[in-house]
Number of protein chains: 2
Amino acid sequence: MQFSYYFGYKYRLTFAAKPDMVCPSSGNQNFMKSVVKAQQAEDSAETGAQQIRDAIREAIVERRLSPGTKLSESDVGNLFNVSRTLARAALQALSYEGLVSVEKNRGAFVAYPSPDEARQIFAARRLVEPGILREAAARITPADIAQLRQLLLEEGRLMSERGQTARRAEIKASGDFHLMLAEISGNAIMLRFMEELVARSSLVIALYGQSTASSCGHSEHGDIIAAIENDDLDRACQLMLHHIAHIEADLDLRERKSLGLKEAFEL
Amino acid sequence: MQFSYYFGYKYRLTFAAKPDMVCPSSGNQNFMKSVVKAQQAEDSAETGAQQIRDAIREAIVERRLSPGTKLSESDVGNLFNVSRTLARAALQALSYEGLVSVEKNRGAFVAYPSPDEARQIFAARRLVEPGILREAAARITPADIAQLRQLLLEEGRLMSERGQTARRAEIKASGDFHLMLAEISGNAIMLRFMEELVARSSLVIALYGQSTASSCGHSEHGDIIAAIENDDLDRACQLMLHHIAHIEADLDLRERKSLGLKEAFEL
DNA sequence: ACGCAAAAAATCGTATGCAATTTAGCTACT
DNA sequence: AGTAGCTAAATTGCATACGATTTTTTGCGT
């Protein structure tokens, strides 16, 4: 209706409507089992709403759904072949994560973070990621480091590839680095918080990112791992802060108030 | 059925079912408006599910609802005079905050954090609260300090009083101190996170707290404010860490595996 | 033609109903 | 008497239905 991205959305949802192929891609997707299992572990089978939520979240994080896109309950329900009840539940869930904003009697939209929200998201990351890094470094095992390195490799490989799907996978891998550190820290609560922050960061970058280049400086991730291996925690934290600052520096967070008024033409 | 606390629960819900008297107590309840308003502010009128969610959350945080209490959808719906749909939505919402755990096809229960979860909650607080403190100190105004002091006064007053309601209000006020710092920091995301952590801390203390005394050392709050006023940030952070450690030290986090097995009788 | 008002369509908020799963109670059998 | 197995009750998962609110369209008057 208002966004031509709607077709990308439709495509995605058609694909995601087959619930059996939720995560068919490369193998490092489920690395957070070890912490999460302690928390739910019970039935493994996700309830319908959760599957829909996960599918939509993935679509948002991988930027197949653009900020501002309307997600009407009926549309979502139809596309997943479920009732509005489940669609609504999924959208509500996403609103708690800050990925969609539901406005009373108006509907749900892919979140459109304001510049101020964007700043707060990165401020939060600067606040928590060094701490997570320290916790992670204290508990990290050689196996963990190997897995981190593997993730890096994958990221690099995707970086060199061309095409939309590679770009999307790269975005995901880049975020997964930060998530994996949180996972290693062994704190499920911080992991969940980081998931939220990384997901919302993706939205912010989609909105305000300037460089067409990758979202994360790839080499910086490697440097951080190296510093951890050298037991140079202070340096690792410093690098992490620089890394976050680097991402943020690529944003143009000036308020652009829809530029729909006269300025758009009277320039 | 399994918990005699059920009567307390019923009592509470009967009381809370009158939506007009949600917050009749002392005046400092809505201090987080200034940040939150930017985020929702739109319609002010909460949807029914949100009201129920807030009421139940308050009941949990103030420990009128004990961990493990079953919250069946029909019961909640009946007590608030709404349909199961709304009750369900409220319970789902609370599960995202970690205050209730919903088990598939079995129902919702007031969360019963494991000792490990408890440790993670406090680890998270140690990780973020110093950072929040630093942010808050950088932006704090004399008016903020006055408000903090007022909160302290209120807390002290309630501490000397007797009775259940005073105790509950004291619990709330004690948490509000930490929340107010987050609010002053100006970061709505961190504020929301802290709300979750404080709420879950209340659950943990209810479960594992030993001392019958107050949950928070009252004087420690005052010391932190003083350190902030003296621009001694390092000391303020140190005090904050000590304060959190102090709360945690009052817990008995030994795994008591429902003590239902033989040990309970073969002692 | 343009703007405004009223009707129509679309969409959301909530309640109710039915199928599926879990829990309990009861009978029968060892 | 104790336990296994089966049936019935309770509870959740999900879909459908209806009233309320918002948005769009239509029609009229100027």
Side-chain angles (χ1 to χ4, degrees), chain A residues 1-3 6 9-10 13 16-19 40-56 68-96 100-111 258 260, chain B residues 1-3 6 9-10 13 17 19 40-56 68-96 100-111 258 260:
Chain A
M1 179 207 295
Q2 47 184 345
F3 287 92
Y6 196 81
Y9 162 40
K10 234 180 152 142
L13 292 181
K18 307 170 187 170
Q40 44 183 51
E42 44 231 43
D43 236 22
S44 76
E46 283 181 317
T47 178
Q50 285 170 315
Q51 283 182 256
I52 298 172
R53 163 178 62 89
D54 292 343
I56 298 181
T69 306
K70 166 143 197 183
L71 303 171
S72 100
E73 295 176 358
S74 335
D75 286 356
V76 173
N78 289 338
L79 289 159
F80 284 93
N81 289 319
V82 295
S83 76
R84 263 184 57 222
T85 307
L86 286 196
R88 182 185 180 83
L91 293 171
Q92 284 294 125
L94 288 166
S95 102
Y96 293 122
V100 321
S101 78
V102 306
E103 299 175 27
K104 196 180 173 190
N105 277 316
R106 284 198 14 103
F109 305 82
V110 178
S258 78
Chain B
M1 174 208 296
Q2 47 182 344
F3 288 92
Y6 196 80
Y9 160 41
K10 257 210 129 115
L13 292 182
Q40 42 183 50
E42 45 230 44
D43 238 21
S44 77
E46 284 182 316
T47 178
Q50 286 170 313
Q51 281 182 259
I52 298 171
R53 163 177 61 89
D54 292 344
I56 298 180
T69 305
K70 167 140 194 181
L71 303 172
S72 101
E73 296 176 357
S74 337
D75 285 357
V76 173
N78 288 337
L79 288 159
F80 285 92
N81 290 318
V82 296
S83 76
R84 266 183 54 222
T85 306
L86 287 195
R88 183 184 180 82
L91 292 172
Q92 284 294 125
L94 288 167
S95 101
Y96 295 124
V100 320
S101 80
V102 307
E103 300 175 27
K104 196 182 174 189
N105 278 317
R106 286 198 12 104
F109 305 83
V110 178
S258 78

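When reading the values below, keep in mind they use all heavy atoms of this one structure, side chains included, and skip hydrogens, waters and symmetry mates. Convention: sequence-line order gives letters A, B, ...; per-chain numbering from 1.
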side-chain hydrogen bond (donor to acceptor under 3.5 Å, both in side chains) against A:Glu73, all qualifying residues, sequence neighbours excluded: A:Arg84, A:Arg88
Side-chain N or O of B:Thr85 versus OP1/OP2 of C:dT14: is the shortest distance under 4.0 Å? no
Supply the atom-to-atom distance B:Ser101 OG to B:Arg106 CZ, rounded to the nearest 0.5 angstrom. 9.0 Å
Closest approach of A:Tyr96 to B:Ala93 (non-hydrogen atoms, all atoms of both residues): OH-CB, 2.9 Å
Name all residues meeting the side chain to side chain contact (heavy atoms under 4.5 Å, CB included) criterion together with B:Leu94; count only those two or more places apart in sequence or in a different chain, and write none if there are none. B:Arg53, B:Ile56, B:Arg57, B:Glu97, B:Leu99, B:Val100
Considering the terminal five base pairs at each end of the helix from C:dA1-D:dT30 to C:dT30-D:dA1, what angle separates the two local helix axes, rounded to 10°? 10°
Its contact letters, B for base, S for sugar-phosphate only and - for none at protein heavy atoms under 4.0 Å, make nucleotides 6-13 of chain D read -----SBB
Please enumerate all protein N or O atoms sitting under 3.5 Å from an N or O of nucleotides 6-10 of chain C, with distances to 0.1 Å.
none

In Å, rounded to the nearest 0.5 Å, how long is the span from CG of B:Asn105 to OG1 of A:Thr47? 8.5 Å
Nearest heavy atoms of B:Ala108 and B:Val102, plus distance in Å: CB-CG1, 3.7 Å
Supply the atom-to-atom distance B:Glu103 CD to B:Lys70 NZ, rounded to the nearest 0.5 angstrom. 9.0 Å
From B:Leu86 CG over to B:Asn81 CG, what is the distance, rounded to the nearest 0.5 angstrom? 11.5 Å
Any residue meeting side chain to side chain contact (heavy atoms under 4.5 Å, CB included) with A:Ala89, in chain and number order, not counting sequence neighbours: A:Ala49
Ignoring hydrogens, what is the shortest heavy-atom contact between B:Val82 and B:Ala87? Give both atom names and the distance. CG2-N, 4.4 Å
